[in-house]
Amino acid sequence: MLARLLRTALLVQWLMGAALSGALVVRCDTPVPTAIALAVLFPFLTTALAITYTMVLSRPGESALPWWQALAGEIWASIVVFVLRQPWTRGQPPLLPATAGSPQAVPVVLVHGYLCNHRLWDKVAAQLRAQGHAVQAVNLEPAFTSIDHYAPLVEQAVQALRSHTGQAQVALVGHSMGGLALRAWARRYGLAHAAQLISLGTPHAGTQVPQHLPSPNGRQMMWNSDWLQTLRSGEDEALRNRFSVAITAQDNIVFPQRAQVLDGVAVTVFEGIGHLQMCLHQPVIDWLLARLRQAPAEAHA
């Protein structure tokens, strides 16, 4: 569903680029090769403009260099994810066994965020498998619904990995809205099968990003929403003891950035990267792998 939506959006952008290029040739005598290049690159240019807008909107007022680094990195990450990867996926994400010959490690469920699909995790999944982790990503669909509706999808992935590996517990990793889907899953299904829960760039306190087309899950992620307050009120020390939180100080989607915490949970802050870039940035992946090596012993049984 989302991949089809993204393909349609790309087609519309290419048609707009072609129309603009044609007008430039006719009215401004622009060279034809230049006009063709503009038409082809139009989706890339609009992506760069959209990211620049969100980076300016969310700028926390800290030092300039990490912000410029995050801007460049997030533009590249958005092109990789939204132009080169996600629109071209077909079907449901497969269960990926650990690479042959690697030591068995805790299985990992990967849960993407808003307007993404499992292709967000391509780099992460490859490195997890190389380290001995069996991996099951999920597609959170439909794209525009309550986050509570995603809990059964997460549970299906948990049970598929447990059945495949024979291990009692799995680790669950969520990016952005995916981290909230993990909390919704824990509220509904409990923690018996969770070795760890790890969130990357998740709006635990909600985000102040403008909701131009508010959907149910978009409203739930608004700053200090009623849904988030209810979720928080039902959580206890057992959940917090299993959670690890990572954020970026230059997050262009989830802000105010340093407010995205869970009471009693240590937070790791990365500098100089944007929101999507957290899933492509090698230091973040290294941190994730290190956290997973600390999974409880029963998860490896």
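- Looking only at side-chain heavy atoms (C-beta outward), K123 and Q282 come within less than 4.5 Å of each other.
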- Message: The test is side chain to side chain donor-acceptor pair (under 3.5 Å); show your working for E271 and Q250 and say whether it passes.
- Response: CA-CA 7 Å; E271 295 280 353; Q250 289 77 37; 2.9 Å; yes

Kindly list each side-chain donor-acceptor pair under 3.5 angstrom involving residues 76-97, sequence neighbours excluded, with atom names and distances?
residue : atom : partner : partner atom : Å
S78     : OG   : E74     : O            : 2.8
Q86     : OE1  : N117    : N            : 2.9
W88     : NE1  : V83     : O            : 2.7

- Query: Are N217 and Y150 close enough, and set up right, to give a side-chain contact (heavy atoms from CB on, under 4.5 Å), and what steps lead you there?
  - Reply: CA-CA 10 Å; N217 41 4; Y150 298 138; 3.3 Å; yes

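- With hydrogens and angles ignored, the 3.5 Å screen pairs a side-chain donor or acceptor of T230 with a backbone N or O of D226.
- Side-chain N or O atoms of H118 include none that pairs as donor or acceptor with a backbone N or O of A137 at under 3.5 Å.
- A cation-pi arrangement, defined by a distance under 6.0 Å to the six-membered ring centre and an angle within 45 degrees of its axis, is absent between R219 and W227.
- T145 contributes no side-chain N or O that, together with a main-chain N or O of P142, makes up a donor-acceptor pair within less than 3.5 Å.
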- V109 and V173: CA distance, side-chain angles, deciding distance, side-chain contact (heavy atoms from CB on, under 4.5 Å) verdict: CA-CA 6 Å; V109 173; V173 181; over 6 Å; no

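- Across every non-hydrogen atom of L191 and A186, the tightest pair is CD2-CB, 3.8 Å.
- A donor-acceptor contact shorter than 3.5 Å links the side chain of D236 to the backbone of A238.
- Atom NE2 in H193 sits 11.5 Å away from atom CG in L172 (nearest 0.5 Å).
- Taking the side chain as every heavy atom from C-beta outward, S146 and Q220 approach each other to under 4.5 Å.
- Only one option out of Q277, H281, M278 pairs with T248 in a side-chain contact (heavy atoms from CB on, under 4.5 Å); it is M278.
- Taking CE of M221 as the start and OG1 of T202 as the end, the distance is 10.0 Å to the nearest 0.5 Å.
- Neither L276 nor F255 shares a network with the other; the hydrophobic side chains, linked directly or stepwise wherever heavy atoms of I, L, V, M, F, W or Y lie under 4.5 Å apart, form separate groups for each.
- Residues V154 and V111 have side chains in contact (heavy-atom distance under 4.5 Å, counting atoms from C-beta outward).
- Interatomic distance, M177 CE to H112 NE2, rounded to the nearest 0.5 Å: 6.5 Å.
- Using a 4.5 Å cut-off on side-chain heavy atoms (C-beta onward), T268 and V284 make no contact.
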Name each donor-acceptor pair under 3.5 Å that joins a side chain in residues 12-35 to protein atoms two or more places apart or in another chain, with its distance.
residue : atom : partner : partner atom : Å
Q13     : OE1  : T46     : OG1          : 2.3
Q13     : NE2  : A9      : O            : 3.3
W14     : NE1  : V40     : O            : 3.0
S21     : OG   : G17     : O            : 2.8
S21     : OG   : A35     : O            : 2.7
S21     : OG   : A39     : N            : 3.3
T30     : OG1  : L24     : O            : 3.2

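- Among all heavy-atom pairs drawn from Q196 and I198, the shortest one is OE1-CD1, 3.5 Å.
- Under the 4.5 Å side-chain heavy-atom criterion for Ile, Leu, Val, Met, Phe, Trp and Tyr, I253 and L180 are members of distinct hydrophobic clusters.
- Checked by atom type and distance alone, the side chain of R188 never pairs as donor or acceptor with a backbone atom of A151 at under 3.5 Å.
- The shortest non-hydrogen separation linking A70 to M55 is CB-CE, 3.6 Å.
- Between Q169 and V106, every side-chain heavy-atom pair lies at or beyond the 4.5 Å cut-off.
- Each of Q260, R232, R183 was evaluated against H204; a single residue qualifies, R183, per the side chain to side chain donor-acceptor pair (under 3.5 Å) test.
- With values rounded to the nearest 0.5 angstrom, I273 atom CD1 is found 10.0 Å from L280 atom CG.
- Looking at Q127 and Q131, their side chains never bring a donor and an acceptor atom within 3.5 Å of each other.
- Aromatic rings from F144 and H149 are positioned such that their centres are separated by 6.0 Å or more.
- Closest non-hydrogen pair, S199 versus G179, comes out as CB-CA, 4.2 Å.
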- Given I75 and T52, is the side-chain contact (heavy atoms from CB on, under 4.5 Å) satisfied, shown in steps? CA-CA 8 Å; I75 289 173; T52 300; 4.1 Å; yes

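- Ion pair R187/D148 flagged as a salt bridge, since at least one NZ, NE, NH1 or NH2 atom sits closer than 4.0 Å to an Asp/Glu carboxylate oxygen.
- Ring geometry, H175 versus H275: the interplanar angle falls from 30° to 60°, so the pair is classed tilted.
- S244 contributes atom OG, which lies 9.0 Å from atom CG of L197 (distance to the nearest 0.5 angstrom).
- Note that CD of E237 is 9.5 Å distant from CG of L239, once rounded to the nearest 0.5 Å.
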- Query: Could you walk me through whether F270 and W287 pass the side-chain contact (heavy atoms from CB on, under 4.5 Å) check?
  - Reply: CA-CA 10 Å; F270 290 89; W287 173 85; 3.7 Å; yes

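- L115 is not connected to M1 by any chain of hydrophobic side-chain contacts under 4.5 Å among Ile, Leu, Val, Met, Phe, Trp and Tyr, and they are in different clusters.
- Cluster membership for L200 and V254, using ILVMFWY side-chain heavy atoms within less than 4.5 angstrom, is not shared.
- Minimum interatomic distance between N224 and Q229 (heavy atoms only, all atoms of both residues): O-NE2, 3.0 Å.
- Under a hydrophobic clustering in which Ile, Leu, Val, Met, Phe, Trp and Tyr are joined whenever their side-chain heavy atoms come within less than 4.5 Å, directly or via other members, W121 and V158 fall into the same cluster.
- In terms of heavy-atom proximity, R242 sits nearest to A195 at CG-O, 4.0 Å.
- Of the possible donor and acceptor atoms, one in the side chain of T99 sits under 3.5 Å from a partner among the backbone N and O of R129.
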